[in-house]
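Only a predicted model underlies this, so the values are computations on that prediction, with no experimental measurement involved.
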Amino acid sequence: MAARTHTFLAVILAIGVGCRASAPTDADLLKGLHEKVIRAHLQSNVELLLEDEASDYVVASRGAVTRPTLEERRGRLGPYLQRTAFHEYRDAVDPMVSVSGDGTLGWVVVQVQARGLQTTAEGRKEPLAFASAWIELYEKRNGRWLRVGNVSNFKE
């Protein structure tokens, strides 16, 4: 009887080891950071949006390359998010995630569809709808992925 119990326990242990969840890959982590960007928009939460951004951030958008400071990004994005209530802010296509061979650089190519209401300076709520695509640029620093840049465009 003891031999059967040991065999049974060995089988249970082997099944448990085989079913153990594997650690997330770098691609999984980057996709999770993009999902956090989506949540930040839906929650109108600028701090959540900026939480994983590096201080040396670069933006290429609307024909210009800029290096806004964290405070400049907070000053621009905070009021935008506060006056915007997104009813929809979702991936229109599955994000494409890539990580460099040495695991230090990553990027996520996304396309989102957004709809909501935006409060004007006069206090009116106006419909807001757009499609946008961008590339989120990431660098792993001290074992943590940080967003270091963004290249974006909007569908006219």
Side-chain angles (χ1 to χ4, degrees), residues 6-62 64-118 128-155:
H6 283 93
T7 302
F8 177 74
L9 290 174
V11 168
I12 295 299
L13 180 62
I15 290 170
V17 169
C19 293
R20 184 176 34 189
S22 60
T25 65
D26 282 329
D28 294 333
L29 294 172
L30 292 179
K31 188 169 183 193
L33 290 174
H34 166 67
E35 290 166 357
K36 190 189 253 190
V37 167
I38 298 282
R39 278 195 319 276
H41 281 81
L42 289 169
Q43 295 172 10
S44 297
N45 187 334
V46 71
E47 294 308 317
L48 183 63
L49 181 62
L50 298 177
E51 188 173 86
D52 301 299
E53 288 194 0
S55 59
D56 56 338
Y57 193 80
V58 63
V59 176
S61 182
R62 301 175 193 236
V65 175
T66 60
R67 292 185 151 293
T69 66
L70 185 58
E71 284 310 310
E72 288 170 335
R73 292 192 307 276
R74 184 176 284 110
R76 185 178 64 79
L77 294 169
Y80 165 74
L81 289 174
Q82 288 305 307
R83 68 178 194 273
T84 307
F86 288 104
H87 304 299
E88 173 186 39
Y89 198 99
R90 65 172 179 82
D91 289 312
V93 299
D94 286 335
M96 294 171 270
V97 182
S98 296
V99 177
S100 65
D102 66 358
T104 61
L105 300 173
W107 49 99
V108 182
V109 179
V110 304
Q111 180 182 341
V112 300
Q113 182 71 39
R115 295 185 199 292
L117 292 174
Q118 192 167 62
L128 174 71
F130 62 85
S132 180
W134 68 85
I135 302 171
E136 297 168 0
L137 306 169
Y138 291 89
E139 185 175 341
K140 189 182 273 186
R141 297 180 182 171
N142 298 319
R144 178 178 175 212
W145 285 106
L146 292 175
R147 199 167 31 261
V148 295
N150 176 294
V151 179
S152 65
N153 65 75
F154 287 82
K155 188 173 184 181

Go through it in stages, so that I can follow the logic: the residues are Glu139 and Leu146, the test is side-chain contact (heavy atoms from CB on, under 4.5 Å), and I'd like the CA-CA distance, side-chain angles, deciding distance and then a yes or no. CA-CA 6 Å; Glu139 185 175 341; Leu146 292 175; 5.8 Å; no

Got a sec, which residues hit side-chain contact (heavy atoms from CB on, under 4.5 Å) with Leu50, two or more places apart in sequence or on another chain? Val46, Glu53, Leu70, Arg73, Arg74, Leu77

Could you grab the distance from atom [atom1] of [X] to atom [atom2] of [Y], nearest 0.5 Å is fine?
{"X": "Ile38", "Y": "Leu48", "atom1": "CD1", "atom2": "CG", "answer": "11.5 Å"}
{"X": "Leu49", "Y": "Lys36", "atom1": "CG", "atom2": "NZ", "answer": "10.0 Å"}
{"X": "Thr104", "Y": "Tyr138", "atom1": "OG1", "atom2": "OH", "answer": "15.5 Å"}
{"X": "Asp26", "Y": "Leu29", "atom1": "CG", "atom2": "CG", "answer": "6.0 Å"}
{"X": "Glu71", "Y": "Ser55", "atom1": "CD", "atom2": "OG", "answer": "11.5 Å"}
{"X": "Asn150", "Y": "Trp107", "atom1": "CG", "atom2": "CH2", "answer": "15.5 Å"}

So which heavy atom on Glu88 is nearest to which on Leu42, and how close? C-CD2, 4.2 Å

Considering all heavy atoms, the nearest Lys140-Trp145 contact: CE-NE1, 3.4 Å

Considering the options Val151, Val112, Val59, Val109, which one meets the side-chain contact (heavy atoms from CB on, under 4.5 Å) requirement together with Trp134? Val112

Check: His41 side chain, Val37 main-chain N or O, donor-acceptor pair, under 3.5 Å: yes

In this structure, are over 12 heavy atoms from other groups packed under 6.0 Å from Asp94 atom CG? no

Would you call Arg141 and Asp56 a salt bridge, taking side-chain N to carboxylate O under 4.0 Å as the test? yes

According to salt bridge (charged side-chain N to carboxylate O under 4.0 Å, His left out), who are the partners of Glu35, at least two apart in sequence or on a separate chain? none

Derivation and outcome, side-chain contact (heavy atoms from CB on, under 4.5 Å), residues Asp91 and His34: CA-CA 10 Å; Asp91 289 312; His34 166 67; 2.7 Å; yes

Quick one: does Glu72's side chain get under 4.5 Å of Thr66's, heavy atoms only? no

What side-chain hydrogen bond (donor to acceptor under 3.5 Å, both in side chains) pairs are there with at least one residue in residues 76-87, not counting sequence neighbours? Thr84-Gln118

Could you walk me through whether Leu81 and Gln43 pass side-chain contact (heavy atoms from CB on, under 4.5 Å), step by step? CA-CA 8 Å; Leu81 289 174; Gln43 295 172 10; over 6 Å; no

